[in-house]
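What you see below is based on every heavy atom in this structure, not just the backbone, and it leaves out hydrogens, waters and symmetry mates. Fair warning: this is a prediction, and the values are worked out from it, not measured in the lab.
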Amino acid sequence: QVQLVESGGGLVQAGGSLRLSCAASIRTIATYAMGWFRQAPGKEREFVAAISWSGSNTKYPDSVKGRFTISRDDAENTVYLQMNSLKPEDTAVYYCAAARVPNTMVVVHLRTEYNYWGQGTQVAVSS
């Protein structure tokens with residue numbers, strides 16, 4: 001069973017930055033594609049960022065492209081989400097997820113393709 005624990009959320013003013021971390025309980029996340037999603041009150045969970053098993057491929061929706069950066073440190077079994085230039089519309093609970101994939105290059109952006117999820121960390125951006 002894979003357990004993912006997010007941390008780093010909090011309250012920040014618009015224009016500020018936060019770095020979220022996702023620590024995995026498994027021996028290694030090296031063979032998983034990883035992703036971040038978010039869910040605001042009354043809305044569906046939406047894709048925020050994804051990174052391939054190799055770390056060489058990433059994907060972002062237009063809403064965060066250029067502001068958010070996903071990265072991974074397999075030696076530490078940790079995935080990060082650096083969030084800059086935060087906006088009030090970024091307010092949500094942020095979830096980390098892991099997906100089993102067939103090769104090192106696959107990037108997963110569909111929620112249904114992820115196998116494991118964390119409990120989430122709250123991010124609030126004030127205007």
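Here the closest non-hydrogen pair linking Val48 and Tyr60 is O-CD2, 3.8 Å. The two residues Tyr116 and Leu4 come nearest to each other via the heavy atoms O-CD1, 3.7 Å. Here the shortest heavy-atom pairing between Met105 and Asn57 reads O-ND2, 2.9 Å.
By the criterion of side-chain heavy atoms lying less than 4.5 angstrom apart, applied directly or through intervening Ile, Leu, Val, Met, Phe, Trp or Tyr residues, Leu20 is grouped together with Leu86 in one hydrophobic cluster. No path of Ile, Leu, Val, Met, Phe, Trp and Tyr side chains, each step under 4.5 Å between heavy atoms, connects Met34 with Val106, placing them in separate hydrophobic clusters. Under a hydrophobic-cluster definition in which Ile, Leu, Val, Met, Phe, Trp and Tyr are linked whenever side-chain heavy atoms come within less than 4.5 Å, directly or via other members, Leu18 and Ile51 are assigned to the same cluster. The same ILVMFWY cluster, assembled from side-chain heavy atoms under 4.5 Å apart, contains both Met83 and Val12. By the criterion of side-chain heavy atoms lying less than 4.5 angstrom apart, applied directly or through intervening Ile, Leu, Val, Met, Phe, Trp or Tyr residues, Val64 is not grouped with Val108; the two fall into different hydrophobic clusters.
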Less than 3.5 Å apart, which donor and acceptor atoms pair up between the side chains of residues 120-127 and the rest of the protein, not counting sequence neighbours?
{"unit_1": "Thr121", "atom_1": "OG1", "unit_2": "Gly9", "atom_2": "N", "d": "3.2"}
{"unit_1": "Gln122", "atom_1": "NE2", "unit_2": "Ala92", "atom_2": "O", "d": "3.3"}

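In terms of modelled atom types and a separation under 3.5 Å, the side chain of Tyr95 and the main chain of Gln39 share no donor-acceptor contact. In terms of modelled atom types and a separation under 3.5 Å, the side chain of Asp73 and the main chain of Thr78 share no donor-acceptor contact. In this structure a side-chain-to-backbone donor-acceptor pair under 3.5 Å is present from Arg72 to Ser52.
Contacts classified as side-chain hydrogen bond (donor to acceptor under 3.5 Å, both in side chains) and involving residues 2-23 (residues at least two apart or in different chains) are given here: Ser17-Asn84.
Applying the salt bridge (Lys or Arg N to Asp or Glu O under 4.0 Å) test to Lys65 and every residue at least two apart in sequence or in another chain returns Asp62. With sequence neighbours excluded, the residues that form a ring-ring contact (aromatic ring centres under 6.0 Å, His included) with Phe37 are Phe47, Tyr114, Trp117.
Side-chain contact between Arg67 and Asp90 is present, with at least one heavy-atom pair separated by less than 4.5 Å.
Note that CG of Asp74 is 12.5 Å distant from OH of Tyr32, once rounded to the nearest 0.5 Å.
With a 6.0 Å radius and a threshold of 12 heavy atoms from other residues, nucleotides or ligands, Gln119 has its CD atom at or below the threshold.
Grouping Ile, Leu, Val, Met, Phe, Trp and Tyr by side-chain contacts under 4.5 Å, direct or through others, leaves Leu110 on its own. In this structure, Val5 stands alone, with no Ile, Leu, Val, Met, Phe, Trp or Tyr side-chain heavy atom under 4.5 Å from its own, directly or through other members.
The aromatic rings of Phe68 and Tyr94 sit tilted relative to each other, their planes meeting at an angle between 30° and 60°.
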Legend entry - Derivation and outcome, side-chain contact (heavy atoms from CB on, under 4.5 Å), residues Asn115 and Val2: CA-CA 9 Å; Asn115 305 104; Val2 176; over 6 Å; no

